[in-house]
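Indexing begins at 1, ligand by ligand and atom by atom, following the structure's order. Since we're looking at a predicted model, the values are computed, not measured.
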Amino acid sequence: MSFDQNQNLSSVFELIADLLELLDENQFKISAYRNSARIFQSLTKPVEDLLFSGELKNITGIGKASIEKAKEYISTGKISYLEELTKLVPLGLLDLLKIKGLGPKKVKLLWKNLNITSLGELEYACKENRLILLKGFGEKTQTNVLNHIEFLKKGSGKFLINKIFFEQSKFEEFLKSLKNIYLFSPIGINRRFFEVYDSINYLISSNNHNNLVNNFKNYFNEINYSNGKISAKLNNIVFNIYLTDDKSFYSNLFIKTGNENFLDNIKKYLKIKNIKINNELFLQNEKVINFKNEYDIFQILDLPFIRPELRDYPNFDEMLKYDNLEKRIEYSDLKGALHIHTTYSDGYNSIEEMVKNALERGFEYIGICDHSQSAFYANGLNKERIFQQFSEIDTIQKKYPKIKILKGIESDISKDGSLDYPDDVLNKFDFVIASIHSNFNLNYEDMTKRLVNAAQNKYTTIIGHPTGRLLLSRDSYKFDWDRLIQACKENNTALELNSDEHRLDVPYEKITNIVKNKVKIAINSDAHNISSLDNLHYGIAMVNKAIIEKDDILNTLSYKDFIKSINKHH
Ligand SMILES: [Zn+2]
Ligand SMILES: [Zn+2]
């Protein structure tokens, strides 16, 4: 997505400024890079477009040198000046700069005074309480640094679901182009789905393994083959590819899909049928059983087919009490696209472009939800602009009678749990998504009350991204889930499954309990441009990890039923 590029460029310029600061360079030069970084981040168009149209040089604050470097970055993905600078400082300092709350001044102190040049050394120094003694550092900084190192350690070499989906579909296109491949499938968490991945894993059957390995040499950056397993690397992602033949494919697939707990539970059923597993093959009376598909494996064990996503469900016996363990929720089950931003706040596409796109994707209704007035950083809507948007929606609605356009808002939840407008404004919306975007560090009790208050508000239709987590970068805030679910249940408020790859929030582990309590889940894209309506695929992958029926999802309802369902008689 092109806005990622603005963000990336901004980070690269910040890094140049940081390095210059570590190297005691001239302050004017440093400020110039920081300034450009800020501007790149706040641009409302992709920097690439502005470069091509020549508009970039008319923006005050971006000098010639910055434009040249932006050009170099966009055409080559790197900036040679930055590469020169990184050679002048110990490499580990770059990792230190990524720690929130440190910044170049503090990193320089650590480097010059304590001779710390790597994360490992810094962690050790914290545990020895050596930071507290340094000027400008306190116990709080030291604790923050330690927490952040912990976080970085967890996140290194990990990838979000959008990158994995993208690489998998590219890889599958390639596989389909090869002649000597019959069957292939992702395995492990690439088949069961997760929020975060450290590799891509596949099982492939072929009658000529060596030939296949040769074909792969054109695809991967690095490749290594031994004992039926290929280890390869592409765009920094490790691929583990297991080779097999058609006869063993489904037995291998079943076992390599996992997870371990699931396979442990399966053992009981194998025993009843006197079946053994050896080398990922099923044996009955010392004879190998070959399966034509994975369904046959479940059938021979007298079990219902359990969709791969659900094989992570922690309680196997409880799971078997439910129906519909096979059927997945599909993209086409969603009738409404509900959490949609536009150029009115921080979206990239206009209302009409978003409406047109949703219609083309087959949605029956769309809910426009820009940010509310407190979200000044996202150009949130004041009262006047809300009514301006309403009248634009009315005009567009006439032009597109085949899709219903709902007038919504993503209202900030204030510290005390109130919404961002008075009732006489709130009652004008068709529906309201209430989300937390600030004051993340309230204590457990205050955060619980805040969310409960928001869920009890008679204008709240859906609580947006309920935990506030950002995968690989920010933990959830803590609150009492049971009390939030109870408040949602009593007030007919739904909970969002925000499908943005950074969020996937509510976490899938909570979903079964939520719907058991008759609280509906809204699978929302939080789209800020037309292509991010694709995000819904990620949310759907997650929702299928829970025991859930189509009716548990708010936006699988037809327009009429949706309107009926969200009515709180206000
Ligand atoms: Zn939000
Ligand atoms: Zn949003």
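A cation-pi arrangement is absent between K163 and Y197 under the rule of less than 6.0 angstrom and at most 45 degrees off the ring axis.
Side-chain rings of F429 and F390 approach one another, their centers coming within less than 6.0 Å. Between Y365 and F562, the distance from one ring center to the other falls under 6.0 angstrom.
Listed by chain and number, E410 OE2, H437 NE2, H465 NE2 are the protein N/O/S atoms closer than 2.8 Å to the Zn ion (ligand 1), with waters left out.
Counted by atom type alone, N524 and E496 present one or more donor-acceptor pairs between their side chains at under 3.5 Å.
Of the possible polar contacts, none joining the S525 side chain to the L536 backbone as a donor-acceptor pair under 3.5 Å is found.
Residues L533 and Y331 meet the side-chain proximity criterion, which asks for heavy atoms closer than 4.5 Å.
At least one N, O or S atom of H341, from either the backbone or the side chain, sits less than 2.8 Å from the Zn ion (ligand 2).
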